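What follows is a single structure, written as structure tokens, with notes after it.
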Amino acid sequence: MAVPASTPATTPVTVVTGGSRGIGAATCLRLAADGHHLALGYVHDTVAAEATAAKVRAAGGRCVTVRVDTSEEADVDRLFDRARAELGTVTGLVNNAGVTGPLGRLADARTEDLRRVLDVNLLGYLLCCRRAARDMAASGGGAIVNVSSAAATLGAPGDYVHYAASKAGTDALTVGLSKELGADGIRVNAVAPGIIDTDMHAAMGDPDRAARSGPGIPLGRPGRPGEVAAAIAWLLSADASYTTGTVLRVSGGR
Ligand code: NAP
């Protein structure tokens, strides 16, 4: 949905991939409350994307929804082009769109599922970071937050070691890119959530996974999407002005 461009230069304009549902949707709502205008990327669920966008607008933010597959270079360019054309200079990126494929051991995994996870979680993050780096360097700076996972260090044996590997790649991307872009005034950080109560668990074939997880977590419960959104919002904010290259674990101690 298009909105007219008249954003003051001082208003943060943030691209959130996977903003229709789960952690991305909570992030859109939190950032709207913090005064951001938003370009919300999603891949399939137009109803969910428009529902989240309506809540952003009700909170006073401007929001453009753009249907994209972040593993496609042309789609990523279209997302950033729409953000700039309709909201103004992009100052933030939340690289959040991610998939796991079905739960199971690597020995049983299908090649197409491994390829899709790497395409979306790693190539997609790289494409979005590259476009943000180009735009933000040209416009004087910005901030990127990559949504990683506690799986990057836990390894997720029996569940999805390929997904864990893609998230370990996210952490390396975050550290390396923060060093490349510091001189351009661009901060690059990551959050690493533990088990968060979203649709992702149903998509991987275990809808009750978050509800069952409490006993294995020091804080005794799964996380809520808004608790990850709060960490993302802080990393994007001026309060985090000297923070770059860090991976902030938001996992209830796991
Ligand atoms: P979710 O509820 O399943 O939502 C996934 C979001 O990503 C949706 O908005 C979906 O769009 C979008 N998406 C998926 N593939 C895409 C693609 N190729 N291009 C563009 N958008 C795409 O997931 P979530 O739990 O909020 O997870 C968000 C991030 O947190 C992911 O990177 C995930 O790995 C990470 N994470 C989650 C957990 C957890 O326990 N939930 C833990 C650690 C890390 P549609 O609505 O259109 O399908």
Side-chain angles (χ1 to χ4, degrees), residues 15-30 38-53 65-76 78-79 93-101 103 113 115-128 145-154 156 159-160 162-171 173-174 190-213 216-217 221-229 231-232 247-252 254:
V15 173
V16 180
T17 68
S20 48
R21 296 183 287 115
I23 292 168
T27 299
C28 287
L29 298 183
R30 171 59 195 254
L38 295 158
L40 184 166
Y42 70 102
V43 69
H44 293 306
D45 196 337
T46 302
V47 171
E50 292 304 333
T52 302
T65 56
V66 191
R67 186 171 183 172
V68 293
D69 181 342
T70 50
S71 69
E72 297 289 339
E73 178 178 6
D75 281 17
V76 169
R78 189 161 48 80
L79 174 59
L93 165 66
V94 181
N95 231 344
N96 168 76
V99 293
T100 65
L103 287 162
D113 291 327
R115 199 181 301 284
R116 184 65 182 159
V117 167
L118 292 175
D119 276 354
V120 176
N121 295 7
L122 201 46
L123 179 61
Y125 274 39
L126 287 163
L127 293 172
C128 289
V145 178
N146 294 319
V147 180
S148 177
S149 172
T153 52
L154 297 172
D159 286 347
Y160 34 52
H162 57 290
Y163 168 86
S166 76
K167 294 300 189 179
T170 298
D171 293 356
L173 160 66
T174 299
V191 294
I195 295 182
I196 309 299
D197 192 6
T198 72
D199 298 342
M200 178 169 263
H201 307 288
M204 65 180 84
D206 188 358
D208 299 327
R209 188 163 173 270
R212 282 198 319 273
S213 65
I217 299 172
R221 62 170 177 84
R224 295 182 288 270
E227 293 176 305
V228 182
I232 293 169
V247 180
L248 177 56
R249 205 170 183 88
V250 186
S251 66
R254 197 159 166 264

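In this text the structure is predicted, and so the values were computed from the model without any measurement. Heads up: numbering here begins at 1 and tracks the sequence. In each ligand, atom 1 is the first atom listed, and ligand 1 is the first ligand listed.
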Asp45 neighbourhood, listing ligand 1 atoms whose heavy-atom distance to it stays under 4.0 Å: 45 (P), 46 (O), 47 (O)
Per-atom contacts, ligand 1 versus Ile195 - under 4.0 Å to a heavy atom: 40 (O)
Distance from atom 46 (O) of ligand 1 to nearest protein heavy atom, with residue and atom: Ser20 OG, 2.6 Å
Does even one non-hydrogen atom of [X] get within less than 4.0 Å of ligand 1?
{"X": "Tyr125", "value": "yes"}
{"X": "Arg67", "value": "no"}
{"X": "Ala210", "value": "no"}
{"X": "Thr17", "value": "no"}

Sequence-distant partners of Ser148, side-chain hydrogen bond (donor to acceptor under 3.5 Å, both in side chains), two or more places apart: Asp171
What part of [X] sits under 4.0 Å from ligand 1 if we count only heavy atoms: the side chain, the backbone, both or neither?
{"X": "Ser148", "value": "backbone"}
{"X": "Thr198", "value": "side chain"}
{"X": "Arg116", "value": "side chain"}

Sequence-distant partners of Glu227, salt bridge (charged side-chain N to carboxylate O under 4.0 Å, His left out), two or more places apart: Arg221, Arg224
